[in-house]
Amino acid sequence: MRTKFILLLTLACSLLAYGQPAEPSLSLMPQAGHAFWRDSIPAAMRQSYISYGEQYLGRPWTVLPWTVFAENKINGNRVNYEAACFEKRRQLAALVMAEIMEGKGRFLNDVINGVGSFCEETWWGIPAHYNKRIPLSGQQEVDLFNAETASLIAWTRYMLQPQFDAFTPDLCQRIDSEIERRILRPALAKDYWWKKAGMNWNPWICSNWLTCVLISEKDASRKAEAISQIRRATEAFIDSYPADGGCDEGPGYWDRAAASMFEVLRLLKMAGADAGTTLSPQNPKLRNMAAYAYKTYIGNTYCVNFADAHENKAVQQVNIVYPFGLYLDDTVMRQFGAYLGHQKQVLEHPAALYDKSGNFPTLGRELFFLRHIHDFMAEQPREPQLREVWLADLQIMAARRGSLYLAMKGGTNGESHNHNDVGSFIVYADNEPLLIDPGVGEYTAKTFSKDRYAIWTMQSQFHNLPQINGADQKDGKEYAAKVVSHKDGQLTLDLAGAYPEEAAVKVWRRTVSAAKKAITVTEDYVLNDYRGPSKLMLMTTCPPQCSESAVTLGNHRIDFDARQMEAAVENISDRLDPLLRQIWGKEMYRIVLTVKSTNTKNKIKYTIR
C-alpha cells in the first residue's frame with residue numbers, strides 16, 4: 001500500500017510540475033471510501049471521530065444572524081458571532097471526519113445540507129475583519145476566516161467528491177464557483193497588505209489559499225500565478241523573521257505563524273514548486289522557526305506565554321508539531337509531537353480536541369496528520385526539557401533549574417500583539433504556574449483600536465514589572481530594553497528605555513538569575529528625580545499570604561528585605577473574563593512590593609524559592 005501511495009504522489013507532482021489542469025491536485029490523500037481509512041487508522045481513533053460526528057446527525061444548520069454580526073460595530077462584541085460561526089464550522093468538520101472514518105454514507109446528507117448552508121452564507125469571514133455592519137455579497141474580503149472556511153469547504157469537496165458526484169455533479173461545481181468567487185479571484189487580484197507581512201496573517205491565509213488553488217482552481221495560468229504569489233508571500237514572511245526564529249507574537253501564535261508556514265511549504269512541495277534556498281528545509285532560519293515551539297516549552301504541556309496568547313498550553317499544536325518535525329527530520333520536534341499526542345490521547349480520543357481547537361478544527365491538518373499515523377505510533381515520545389534557551393534577536397531567555405523554570409523577555413513595545421511587557425518574567429514550579437503573564441482576554445473591537453492600552457491586560461502594571469515613579473511602560477517600538485548581559489540562566493536588561501519621560505528613570509537594570517532552588521531578582525536603578533514610590537508588580541493565581549519579609553505562595557515563597565520593601569496583595573479576580581477564567585481558573589492576584597527608599601539610586605534584591 002505504501003508503494004501505491006508513493007506512486008500516486010509521484011504522479012500528482014509530475015502532473016502539476018508540467019502544469020496539467022488535473023482535477024483536485026492532492027491525489028496523494030486517499031479520499032473517503034479508500035481502504036486506507038479502514039485499514040490504517042486504529043479502531044479507537046476511528047470510533048472517536050464517528051462518535052463525535054454522531055452528535056450532529058440531524059441537527060439543523062445555523063443561519064448566522066446579521067444582527068449579531070453587527071454587534072462588533074455597535075458595541076465592540078465579536079465573541080457572540082464568532083462562537084456561532086466557529087461552532088457551525090466545527091459541525092461540518094466533525095461530520096466530514098465521521099463519514100471518512102465510517103464510509104457508509106450515514107453522515108452524507110447532513111454534510112451536503114451543510115455545504116449548501118455555507119454556500120448561502122454571504123461572507124465566510126468574521127465581523128472584526130469587515131468594515132460594514134452586515135456582510136455584502138459583492139465585498140469578498142480575504143481575511144483569516146474567509147480563507148480558513150474556504151479551505152474547510154475545499155477539503156470537504158476533495159474528500160467526498162465521489163459521493164458528491166453520485167448525488168449530483170452540480171455540487172462540486174457549485175463549491176468550486178463559490179471558492180473562486182470568495183477566495184481565488186480576490187486573493188489573486190488584490191495586493192493585500194498581508195502578502196508582505198511578517199506576522200500570522202501571511203502564512204495563515206496563504207496556507208488556506210493554496211489549498212483552494214490546488215483543489216478548486218481550474219485555470220492553469222491563474223493557478224501558476226497564484227502559486228507564484230503565495231511563494232513570494234511566504235518568502236517575505238520568512239525574510240522578516242530574525243535569525244533565531246523567534247515569534248514576537250508569542251508561542252500561542254506560533255501555531256498560526258511558523259506552523260502555517262510549514263503547511264504552505266508542504267503544499268508547495270506537493271505542487272512540484274522548486275523550494276530554492278529560502279523555502280528549503282535546510283534553511284537554518286526555517287529550522288529555528290520550527291524549534292521555537294519546543295524552545296518555549298515548559299512542561300506538563302504548558303508553554304511560555306506572552307503578548308496576545310489565548311492559551312498557555314500547547315493544545316492546538318498536537319496535529320502539526322509531529323508532521324513539521326518529520327518534514328524537517330528534527331528528532332527533538334518529532335519526539336515532542338509524539339509526546340503531545342500521547343498526552344492528549346490522540347490514539348484513543350482524537351476528536352475530543354475539537355472542542356479545544358481554538359477556532360475550529362482544521363480539516364487539512366487532521367488529514368495530513370493521519371497520513372503519518374504509523375510513523376507517529378512508532379515514534380518515541382519525549383518531553384523536551386531544555387536546560388537553557390537564549391533567543392538573542394527576540395531577547396528571550398529560558399532556564400530550567402531543578403523544579404524551577406524561568407522565562408524572561410526583553411524586546412520592544414512595538415512588537416506584534418504587544419502588551420507593554422518589556423523585561424517581564426514568569427516562573428513555573430514543578431511545571432505549574434507560580435508567577436504568570438495573564439495573557440489576553442476575549443478579543444473585542446477595542447483590542448485592536450486606539451484604546452488598546454486602556455485594557456488592563458495590555459498594561460505593564462499587570463505584568464511582573466516595576467512601576468517607576470508611578471509610571472507604567474509606554475507602547476511603541478522606541479520603548480525598548482537594552483541587553484546588558486546574558487550568561488548561564490542569568491539575564492540583565494536595562495528597562496529604562498521602555499518607560500516614558502514621566503518615569504524620570506535614567507537606568508533600571510533588572511537581573512533575573514535561575515539556580516536549582518531559587519530564582520533571584522535584582523533591581524539596580526538610578527532615577528533622575530524621586531516623584532513617588534516605585535512598586536514591583538508580581539502576578540499569580542496562587543492565593544498569597546503576606547508577612548513582614550515574605551509572601552507565601554503555597555509551597556513557595558518570595559523573600560525580601562523588610563527594610564527595603566513592604567508587601568501587599570490585591571485580588572483582581574473580578575477583572576477576569578470567561579476566556580481568562582478558562583485559562584487560569586477563577587482567581588488571580590497582584591502582589592505589590594512597594595519600595596520604601598526615596599533615594600534616586602538604589603539596589604533591591606528578592607528571591608523566589
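Not measured: the values here are computed from a predicted model.
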Ring centres under 6.0 Å, that's the criterion: do F86 and F145 meet it? yes
Y499 ring center within less than 6.0 Å of Y479 ring center: no
W254 side chain to M289 backbone, donor-acceptor under 3.5 Å: yes
So, for Y322 and F336, is the gap between ring centers shorter than 6.0 Å? no
Does R590 make a cation-pi contact with F462 (under 6.0 Å, within 45 degrees of the axis)? yes
So, K409 and D248, do they make that salt bridge, N to O below 4.0 Å? no
Verdict with supporting geometry, Y294 and D330, side-chain hydrogen bond (donor to acceptor under 3.5 Å, both in side chains): CA-CA 11 Å; Y294 58 78; D330 182 328; 3.0 Å; yes
Go through I396 and V389 one step at a time and tell me if the side-chain contact (heavy atoms from CB on, under 4.5 Å) criterion holds. CA-CA 8 Å; I396 288 181; V389 173; 5.5 Å; no
Mark yes when over 12 heavy atoms from residues, nucleotides or ligands other than R509 sit less than 6.0 Å from its CZ; otherwise mark no. no
Would the F306 and H419 ring centres measure less than 6.0 Å apart? no
Show the atom names and distances, to 0.1 Å, of all donor-acceptor pairs under 3.5 Å that link a side chain in residues 543-553 to residues at least two apart or in another chain.
{"unit_1": "S547", "atom_1": "OG", "unit_2": "A550", "atom_2": "N", "d": "3.3"}
{"unit_1": "S547", "atom_1": "OG", "unit_2": "A550", "atom_2": "O", "d": "3.2"}

Does the plane of the ring in Y405 sit parallel, tilted or perpendicular to the ring in Y428? Use 30° and 60° as the thresholds. perpendicular
Does the pair E388/K487 count as a salt bridge with the N-to-O cut at 4.0 Å? no
Is the NZ atom of K73 crowded by more than 12 outside heavy atoms at less than 6.0 Å? yes
Does N555 CG have over 12 foreign heavy atoms under 6.0 Å away? no
What distance do I426 atom CD1 and M539 atom CE have between them, rounded to the nearest 0.5 Å? 13.0 Å
Please determine, by modelled atom types, if N469 and E502 share a side-chain donor-acceptor pair under 3.5 angstrom. no
Give me the one residue out of L493, L538, L491 that meets side chain to side chain contact (heavy atoms under 4.5 Å, CB included) with F425. L538
